[in-house]
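Values below: every heavy atom of this structure, side chains too, minus hydrogens, waters and symmetry copies. Counting convention: from 1, in listed order, for ligands and their atoms alike.
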Amino acid sequence: MKPRHYLDHAATSPLRPEAKDAILQALAIDGNPSSVHSEGRQARRAFEDARRRLAGRLGVAPARLVVTGCASESNAAILSQFSGRVLVSSIEHPSVLFGGRAAPRIEARADGRLCLDHLQRLLSENAVDLVSTMAVNNETGVVQPIGDIRDITNAFGVPLHVDAVQALGRQPIDLRLADFWTFSAHKIGGPKGVGLAVIPDDGAWKPLLGGGGQERNRRSGTENVLGLAGFAAALDAIDADEPRRIDELRRRFEQACRQIDGATIIAESSRRAPHITSVALPGLKAETLIMQLDLAGIAVSAGSACSSGKVQRSHVLDAMGLADKVAEATVRVSFGWNSRAKDVDAIVAQLIRVQSNRA
Ligand code: PLP
């Protein structure tokens, strides 16, 4: 069988061996964490141990973590706490756009960063309950100026939510900068189907899911012991040097792309997270390129591939004002814990082949 080169870590990152081991261990636990017998207490211990480790890595009190079924649920749960205007940017993940009711969207600049002047103007012209934005864009990798955004929301006395799904494990995150945060296990090599909402210590919380009152009445449903054990193990497994190694791969890839006639690296001059890059080859539709790469054993995606099975026009590239022919040709290449230089070399060779066949 032809070797595969998986370069779609921003959609989901393969399960790390450490996470798999933790899940296998947790599989041996029979009890329900809410049960009072020994089996139940064992499950509770495993779950709370994972919560404590995650909270320790994030630098917050364990009680601030609400365990959810995914980041989309975390986003929905946080945004649903606010009945008034929730201001979101035009480049958010669809799960945030869905909850950004009754307000104009914060514009993005051509370099992929939020327009701070526009945020300021919207806050001065509208009564706003919450500002919700992302730390790292999932299509371009552009790092958003969360400190500056915090200064602006503070000046207006408006709470801030940050979707940091693509930042976790890839760059330092200071949880003091926002009131609410969203994370997802499967983007860092944990299992799919478990997320975190980080919420303030105090204050009322309206659960999206009611019932058994788990998670201190903040999210009902029997706890996902396997999922949280895998999430904690995945985060623990990230060593301090991993972002640098991944960044080196991205740079190697981009350096090679610069040699391809007419190739455009999206938001090239902006500060970007180590693992994501988007490139357009002129005159080639993204879906065609993705299929050609797949046949050659290489997995990449276009736009927000995690949101659907088909290639859709990217609202992020639209918001940045990219020309249609560039936006339609853009593919996202994203690296992760098991990416190697040979994966980069394989995709580069294929891109050069595709381009020279067209010449
Ligand atoms: N937020 C961002 C920035 C993402 O990239 C994604 C997934 O791509 C999500 C939220 C949704 O994550 P989940 O699959 O855990 O719902």
Trainee: Can Lys187 be said to touch ligand 1, with heavy atoms closer than 4.0 Å?
Mentor: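 The answer is yes, since Lys187 has a heavy atom less than 4.0 Å from ligand 1.
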
Trainee: With the threshold set at 4.0 Å, does a side-chain nitrogen-carboxylate oxygen contact exist between Asp247 and Arg250?
Mentor: yes

Trainee: Going through the checks in order, is the side-chain hydrogen bond (donor to acceptor under 3.5 Å, both in side chains) test met by Gln42 and Arg45?
Mentor: CA-CA 5 Å; Gln42 191 191 7; Arg45 266 197 307 278; 5.9 Å; no

Trainee: If the plane angle is over 60° it's perpendicular, under 30° parallel, otherwise tilted; pick one for His9 and Tyr6.
Mentor: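 His9 vs Tyr6 ring planes: perpendicular.
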
Trainee: Measuring from atom 15 (O) of ligand 1, which candidate in Ala164, Ser184, Ser72, Ala167 has the nearest non-hydrogen atom?
Mentor: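 Looking at heavy atoms only, Ser184 sits closest to atom 15 (O) of ligand 1.
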
Trainee: Is atom NZ of Lys325 surrounded by more than 12 heavy atoms (other residues, nucleotides or ligands) closer than 6.0 Å?
Mentor: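 Not buried by this count: 12 neighbours or fewer within 6.0 Å.
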
Trainee: Heavy-atom distances under 4.0 Å decide this one: backbone, side chain, both or neither, for Glu73 against ligand 1?
Mentor: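 Answer for Glu73: neither.
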
Trainee: Indicate yes or no: does Lys285 engage Glu328 in a salt bridge with an N to O separation below 4.0 Å.
Mentor: yes

Trainee: Pull out every atom of ligand 1 sitting under 4.0 Å from any heavy atom of Gln166, numbered as shown with elements.
Mentor: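 Those qualifying, in numeric order: 5 (O).
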
Trainee: At a non-hydrogen distance cut-off of under 4.0 Å, which region of Lys192 contacts ligand 1 (side chain, backbone, both, or neither)?
Mentor: neither

Trainee: Which atoms of ligand 1 are found less than 4.0 Å from any heavy atom of Cys70?
Mentor: 13 (P), 15 (O), 16 (O)

Trainee: Looking only at distances, can you tell me whether any N or O atom of Val165, backbone or side chain, sits closer than 3.5 Å to an N or O atom of ligand 1?
Mentor: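 No, Val165 has no N/O under 3.5 Å of an N/O on ligand 1.
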
Trainee: So, regarding His186 and ligand 1 (criterion: nitrogen or oxygen to nitrogen or oxygen, under 3.5 Å), is there a contact or not?
Mentor: yes

Trainee: Assess whether side-chain hydrogen bond (donor to acceptor under 3.5 Å, both in side chains) is satisfied between Arg252 and Gln255, documenting all intermediate values.
Mentor: CA-CA 5 Å; Arg252 182 186 180 105; Gln255 191 53 34; over 6 Å; no

Trainee: Show me which atoms of ligand 1 lie under 4.0 Å from any heavy atom of Asn138.
Mentor: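 Once the distances to Asn138 are compared, the set is 5 (O).
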
Trainee: Output the list of atoms in ligand 1 that are nearer than 4.0 Å to some heavy atom of Met134, sorted by atom number.
Mentor: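 What qualifies from ligand 1 is 3 (C).
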
Trainee: Counting both backbone and side chain atoms, is some N or O of Asp163 under 3.5 Å from an N or O of ligand 1?
Mentor: yes

Trainee: Between Phe180 and Phe82, is the ring centre distance below 6.0 Å?
Mentor: yes

Trainee: How many angstroms lie between CD in Gln166 and NE2 in His93, if you round to the nearest 0.5 Å?
Mentor: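 NE2 of His93 is found 8.5 Å from CD of Gln166.
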
